[in-house]
Amino acid sequence: MKNLVKIAAAGLMSFNFVSYASADGALKDAGFSLEGIETPEVSAPAAAVDQAAQDLDLFRYFGYGVAPAAAELGAEKGLKGINDVVFSINLETVKNAYLKPNVSFTTGQGTKVHVSGSKASNCPNGGNSCADKDKFFLVLTTSRNESYFVRGTEIINWGILYSGSKTVTIDGEKFVVKIKANASTPENSMLEIKGPRGMALNTSLKSVGDGVASKGVDVKLGKNYKLAYGNEIVQGPQGARFTDKTLVLLIPFPVVDATSYYIFKTDEIKPSGVTFPSFERGYGFKLNGGKLDIYRL
């Protein structure tokens with residue numbers, strides 16, 4: 001009989017929504033009692049699940065942005081290394097090239113749509129106090145240079161906690177964008193884009209990140225980088241948009257999960273030369289007439 005009571009109690013308390021008191025009451029109605037029976041403590045898995053949801057960062061493969069502060073150089077020091085240029089480029093030749101990686105799909109009318117990833121300079125509310133993942137956007141860019149922004153955190157699908165999607169209309173066709181999360185290996189999370197003819201694109205976030213990096217230009221300083229150049233993205237309650245401000249990005253290459261990439265505001269790079277001490281010491285940056293030079297000091 002005691003075993004029967006224990007089995008009945010265990011069965012009733014196995015449901016998360018049934019309390020000890022209600023279980024005891026149900027047993028008393030049946031002529032039994034829980035008095036004198038040791039009952040195991042019930043853990044609170046909900047708290048652990050909530051924490052896991054907060055810690056879920058699928059976009060860390062794209063890195064965390066760091067904006068080094070510029071320090072102006074004196075005229076003599078700024079020109080000292082002008083003949084020791086290690087990298088030079090006309091930025092306009094690579095402007096926003098990262099928006100058109102090989103990761104793409106095609107609409108029914110034959111329009112090619114490139115899929116890239118980028119991060120806004122601010123947070124969803126327009127401020128600057130938020131998690132880095134709240135700044136991430138997928139950017140769908142057509143062959144006509146139209147761009148559609150999809151906030152990453154809104155399209156995550158993971159267990160019962162996240163069920164998101166975003167519908168984008170291109171050429172009059174609706175495309176539903178989702179991410180199937182892989183919490184243990186975020187870069188292996190799958191991006192799905194379904195259109196009127198079925199699956200238009202099914203690829204990993206890693207492939208998107210690698211595609212973005214591959215459009216960069218090789219730069220060898222103390223480390224190897226890929227250089228990207230383009231318009232700043234800002235966001236607010238109404239979504240995201242490009243601004244007229246431009247940024248130079250140096251992304252450590254090969255890409256490593258959760259690494260830092262470096263953001264340089266072009267309006268801080270003076271023709272007379274500046275340096276970024278917290279980036280790599282011993283290098284100066286000059287920007288004049290759209291031409292960027294990096295040289296040894």
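The figures that follow rest on heavy atoms only: side chains count, while hydrogens, waters and symmetry mates do not. We're numbering straight along the sequence, starting at 1.
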Any side-chain heavy-atom pair of [X] and [Y] under 4.5 Å:
X: W158; Y: S163; value: no
X: F87; Y: K220; value: no
X: I170; Y: Q109; value: no
X: V217; Y: Y229; value: no
X: L247; Y: K265; value: yes
X: L99; Y: F242; value: yes
X: L58; Y: F136; value: no
X: L287; Y: V248; value: no

Heavy-atom donor-acceptor pair, [X] side chain to [Y] backbone, under 3.5 Å:
X: E173; Y: G108; value: yes
X: N202; Y: A200; value: no
X: S260; Y: G65; value: no

- Query: Between NE2 of H114 and OG1 of T142, what distance do you get to the nearest 0.5 Å?
  - Reply: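 Reported value, rounded in 0.5 Å steps: 8.0 Å.
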- Query: Nearest 0.5 Å, what's the CD1-OG distance between I193 and S165?
  - Reply: 12.0 Å
Looking at [X] and [Y], what are the two nearest heavy atoms and their distance?
X: S147; Y: T141; answer: OG-OG1, 3.1 Å
X: P124; Y: C130; answer: CD-SG, 4.1 Å
X: G117; Y: Y98; answer: O-CE1, 4.3 Å
X: Y162; Y: I156; answer: CB-O, 3.3 Å

- Mutual orientation of the aromatic rings belonging to F276 and F285 [parallel < 30°, tilted 30-60°, perpendicular > 60°]: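 Rings of F276 and F285: perpendicular, as their planes differ by over 60°.
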- Query: Where does the angle between the aromatic ring planes of F264 and F279 fall among parallel (under 30°), tilted (30 to 60°) and perpendicular (over 60°)?
  - Reply: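 If you compare the ring of F264 with that of F279, the planes turn out perpendicular.
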- Look at atom CZ of R144 and say whether more than 12 heavy atoms of other residues, nucleotides or ligands are closer to it than 6.0 Å. yes
- Message: Tell me whether K100 at atom NZ has more than 12 heavy atoms from other residues, nucleotides or ligands lying less than 6.0 Å away.
- Response: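 More than 12 heavy atoms, drawn from other residues, nucleotides or ligands, come within 6.0 Å of this atom.
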With a 4.0 Å cut-off, would you call [X] and [Y] a salt bridge?
X: E280; Y: K223; value: no
X: K245; Y: D267; value: no
X: K270; Y: E72; value: no

- side-chain hydrogen bond (donor to acceptor under 3.5 Å, both in side chains) between N96 and N231: does it pass, once the steps are laid out? CA-CA 7 Å; N96 293 324; N231 292 91; 2.9 Å; yes
- Give the C-alpha distance, both sets of side-chain angles, the deciding distance and a yes or no for side-chain hydrogen bond (donor to acceptor under 3.5 Å, both in side chains) between D293 and S88. CA-CA 4 Å; D293 291 324; S88 183; 2.6 Å; yes
- Show your working on side-chain contact (heavy atoms from CB on, under 4.5 Å) between I155 and L138 and close with a plain yes or no. CA-CA 10 Å; I155 59 172; L138 287 172; 3.7 Å; yes
